[in-house]
Amino acid sequence: MEPLQSLRGMVDLLPEQTPVWQRIEATARQHFRRAGIAEIRTPLLEVTELFARGIGVATDVVGKEMYSFLDRGERHCTLRPEGTASVVRAAIQHGLLSQGAQRLWYGGPMFRYERPQAGRQRQFHQIGLEFLGLADPRSDAEAIAIAWDLLAGVGLAGLTLELNSLGSHDDRVRFRAALVGWLEERRDQLDPDSQQRLVSNPLRILDSKNPATQALLAEAPTLAAALAPESRERFERVQEALSRLEIPFVLNPRLVRGLDYYGHTAFEITSSQLGAQATVCGGGRYDTLVQQLGGPVTPAVGWALGMERLVLLAQAADGPASQAAPAPDLYVVSRGAAAEALALPLARRGRRAGLAVELDFSGAAFGKQFKRADRCGARWAAVIGEAEAAEGVVVLKDLRAKATADRRLTAEALLAWLRESGSA
RNA sequence: GCGGGCGUCGCCAAGUGGUUAAGGCAGUGGCUUGUGGCGCCACCAUUCGGGGGUUCGAGUCCCCUCGCUCGCCCCA
């Protein structure tokens, strides 16, 4: 029989990795709770049209990366490639938007059919934040600050916050025309990818990695120059707010987010330690999305951060040592039918009393069982052999001490003693 | 979707055409029918991701395929 494998790009998180994830998730929850942000959970599966309308049909995410299929009822379904569209859909569907501003967070798996590489899987995990109904430039800064502090809370340093303004819809239309006009005249100097994008998505040419294209772009009209006075002022307010929070940022005029719904503030938090996929967190303002999905006119800001990339950085930051599984308080060792019958009940009583208890079913030589007890880091061993079983007693052995005398106690006395000694 | 690298035991890893595939860790059994962390002994890949081919002979060469990985694209 050929053993089956997980699908390409679908990764198992084994027991030794799970603690890092839990730690990060706990940190995130804590930061959200302090900031008064409530969790929302939405389905992993949505109608395909939600993403087509929300993210934009012309984007790569929608065009070629979605896990889409027809269900038994002939509905077009898609495994969510990102979280924002679903959150907005849910907020509209349940009338959350008529109850005032919503400060929400979500977390969980997302799916994108791409070639896996460092920091990128087909099923990956994001934690995201969405502020719905907030227009104030300071809310952009607040959202960014929460991301920044959360990342710091996980213990990461050396991150860069890159900031840009994409302006209003009108600003972008104006700029796009200017940029396309200018680049058309120099089409032959563009790399093939960028030539393609001249028609499909001209703004994306700005963050081309091609050196020649970048050199050319240095002379090109800039987005910043195309911003209307109100847009520019708004962007300045965001920067002021960040400065007051003492959050350092770098203006990056080439920063263009990939999804259609972004306007005005756009930002990314990047790390130089991640290889090609440097972005840990990305987000921005999306004042038109809610309306586009059939809801009331509602300003919004949000971001998403990539768990896999965060885990990569956290592991690099605090090394592999912090991942040790928590050691049990008590390890139950038994040998002989009568004794073995008592082991599980004793373990359960211990657990009910609040102790972390593991037990050995092997019935192997005591030496073997002690070896295992020792390896798993248990503080104490409870030993039941033929004699103890007959006497209704348990031997408590201190695994940390070298030569402390063992104690012979009843089960009750043993558990009481452990509780008092502070092991629980 | 496109390019580069790689694929030998659960993990790490020798081996680069010649008869029998090192070693370490982990695991199992024992030295010690009932007391651990050390030590010692034994066991643990008829087989080198899979399938074809070349050859007297292949883990070692060729082709295909699958997987992993890094990069491009894109993005968190």
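Convention: sequence-line order gives letters A, B, ...; per-chain numbering from 1.
- Counting only N and O atoms by type, the side chains of Gln369(A) and Tyr331(A) include no donor and acceptor under 3.5 Å apart.
- Within the structure, every pair that satisfies the salt bridge (charged side-chain N to carboxylate O under 4.0 Å, His left out) test and touches residues 266-281 of chain A, not counting sequence neighbours, is listed here: Arg257(A)-Glu268(A).
- Aromatic ring pairs are classed by plane angle as parallel below 30°, tilted from 30° to 60° and perpendicular above 60°; the pair Phe32(A) and Trp105(A) is parallel.
- The CG-C1' distance, from Leu313(A) to rA76(B), rounds to 12 Å in whole Å.
- A residue-by-residue look at Lys64(A) and Glu82(A) shows that Lys64(A) has its nearest nucleotide of RNA chain B further toward the 5' end.
- In this structure, Leu206(A) places its CG atom 17 Å from C1' of rC73(B), rounding to the nearest Å.
- Distance check on atom P: rG1(B) versus rU54(B) gives 32 Å, rounded to whole Å.
- Heavy-atom neighbours of Arg186(A) CZ from other residues, nucleotides or ligands within 6.0 Å: above the threshold of 12.
- Using N1 to N3 plus N6-O4 or O6-N4 for Watson-Crick, or N1-O2 and O6-N3 for G-U wobble, each under 3.5 Å, rU32(B) pairs with nothing.
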Which protein N or O atoms sit under 3.5 Å from an N or O of nucleotides 24-28 of chain B?
from: rA26(B); atom 1: O3'; to: Arg375(A); atom 2: NH1; distance (Å): 3.4
from: rG27(B); atom 1: OP1; to: Arg375(A); atom 2: NH1; distance (Å): 2.6
from: rG27(B); atom 1: OP2; to: Arg375(A); atom 2: NH1; distance (Å): 2.5
from: rU28(B); atom 1: OP1; to: Arg372(A); atom 2: NH1; distance (Å): 2.9

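- Ion pairing between Lys64(A) and Glu114(A) fails under the 4.0 Å rule for side-chain N and carboxylate O.
- Here, rU8(B) and rA14(B) have their P atoms 11 Å apart, quoted to the whole Å.
- In this entry the distance linking CD of Glu65(A) with C1' of rG1(B) reads 11 Å, nearest Å.
- Of the C1' atoms belonging to rC6(B) and rG23(B), the separation is 22 Å, rounded to the nearest Å.
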Under-3.5 Å N/O pairs linking protein and nucleotides 3-7 of chain B:
from: rG3(B); atom 1: O6; to: Arg115(A); atom 2: NH2; distance (Å): 3.3

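- When the shell of 6.0 Å around OH of Tyr67(A) is examined, it contains more than 12 heavy atoms from other residues, nucleotides or ligands.
- Here Asp398(A) does not pair with Arg407(A) in a salt bridge; the nearest charged N to carboxylate O distance is not below 4.0 Å.
- Residues passing the side chain to side chain contact (heavy atoms under 4.5 Å, CB included) test with Ala413(A), sequence neighbours excluded: Leu409(A), Thr410(A).
- At the heavy-atom level, Gly119(A) lies under 4.0 Å from base atoms of the strands shown.
- Across all strands, Ala373(A) comes closer than 4.0 Å to no nucleic acid atom at all (heavy-atom distances).
- Between Arg41(A) and Glu39(A) there is a salt bridge, since a side-chain N of the basic residue sits under 4.0 Å from a carboxylate O of the acidic one.
- Atom-to-atom, OH of Tyr106(A) to C1' of rA76(B) comes out at 9 Å; the value is rounded to the nearest Å.
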Please write out the pairs of protein N or O atoms and N or O atoms of nucleotides 10-12 of chain B separated by less than 3.5 Å, giving the distance to one decimal.
none

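- If you check the side chains of Ser86(A) and Glu46(A), you find a donor sitting under 3.5 Å from an acceptor.
- Judged by a 6.0 Å distance limit and a 45° cone about the ring axis, Arg80(A) is not positioned over the six-membered ring of Phe51(A).
- Pairing for rA14(B) is absent, judged as Watson-Crick or G-U wobble with the two contacts each under 3.5 Å.
- Heavy-atom neighbours of Glu49(A) CD from other residues, nucleotides or ligands within 6.0 Å: at or below the threshold of 12.
- Cation-pi contact between Arg419(A) and Trp417(A): absent, since separation from the ring centre below 6.0 Å together with deviation from the ring axis within 45° is not met.
- Taking the C1' atom of each, rG10(B) and rU28(B) are spaced 14 Å apart, rounded to whole Å.
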**OP:** Carefully, step by step, assess Arg103(A) and Leu134(A) under the rule side chain to side chain contact (heavy atoms under 4.5 Å, CB included).
**Re:** CA-CA 9 Å; Arg103(A) 295 158 167 263; Leu134(A) 294 177; 4.0 Å; yes
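- Rounded to a whole Å, the CD atom of Gln5(A) is 7 Å from the P atom of rC68(B).
- Only the P atoms considered, rC73(B) is 42 Å distant from rG53(B), to the nearest whole Å.
- Within the shown strands, rC70(B) is the pairing partner of rG3(B) under the Watson-Crick or G-U definition, both distances less than 3.5 Å.
- Judged by distance alone, the side chains of Arg120(A) and Gln117(A) do bring a donor and an acceptor atom under 3.5 Å apart.
- A distance of about 24 Å separates the C1' atoms of rC9(B) and rG5(B), rounded to the whole Å.
- Each of Tyr262(A) and Gly9(A) was assigned the nucleotide of RNA chain B with the nearest heavy atom; the assignment lying further toward the 5' end belongs to Gly9(A).
- In this structure, Gln273(A) places its CD atom 16 Å from P of rC70(B), rounding to the nearest Å.
- No hydrogens or angles considered: a donor-acceptor pair under 3.5 Å links the side chains of Glu308(A) and His125(A).
- Distance noted for atom C1' between rG36(B) and rC44(B): 24 Å (whole Å).
- Checked against rA76(B), rC70(B), rC75(B), the side chain of Thr279(A) finds its nearest nucleotide in rA76(B).
- Residue-to-nucleotide contacts include no donor-acceptor pair under 3.5 Å from the side chain of Arg120(A) to the base of rC70(B).
- The interatomic distance linking Met66(A) (CE) with rC75(B) (P) rounds to 14 Å, in whole Å.
- Here rG36(B) presents its P atom at 17 Å from CG of Leu396(A), a figure rounded to the nearest Å.
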Pairs under 3.5 Å (N/O, protein and nucleotides 32-34 of chain B):
from: rU33(B); atom 1: O2'; to: Arg335(A); atom 2: NH2; distance (Å): 3.1
from: rG34(B); atom 1: O6; to: Glu386(A); atom 2: N; distance (Å): 3.1
from: rG34(B); atom 1: O6; to: Ala387(A); atom 2: N; distance (Å): 2.5
from: rG34(B); atom 1: O6; to: Glu388(A); atom 2: OE1; distance (Å): 3.4
from: rG34(B); atom 1: N1; to: Glu388(A); atom 2: OE1; distance (Å): 2.7
from: rG34(B); atom 1: N1; to: Glu388(A); atom 2: OE2; distance (Å): 3.2
from: rG34(B); atom 1: N2; to: Glu388(A); atom 2: OE2; distance (Å): 2.8

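- Nucleotides rG49(B) and rA13(B) are separated by 15 Å at their P atoms, to the nearest Å.
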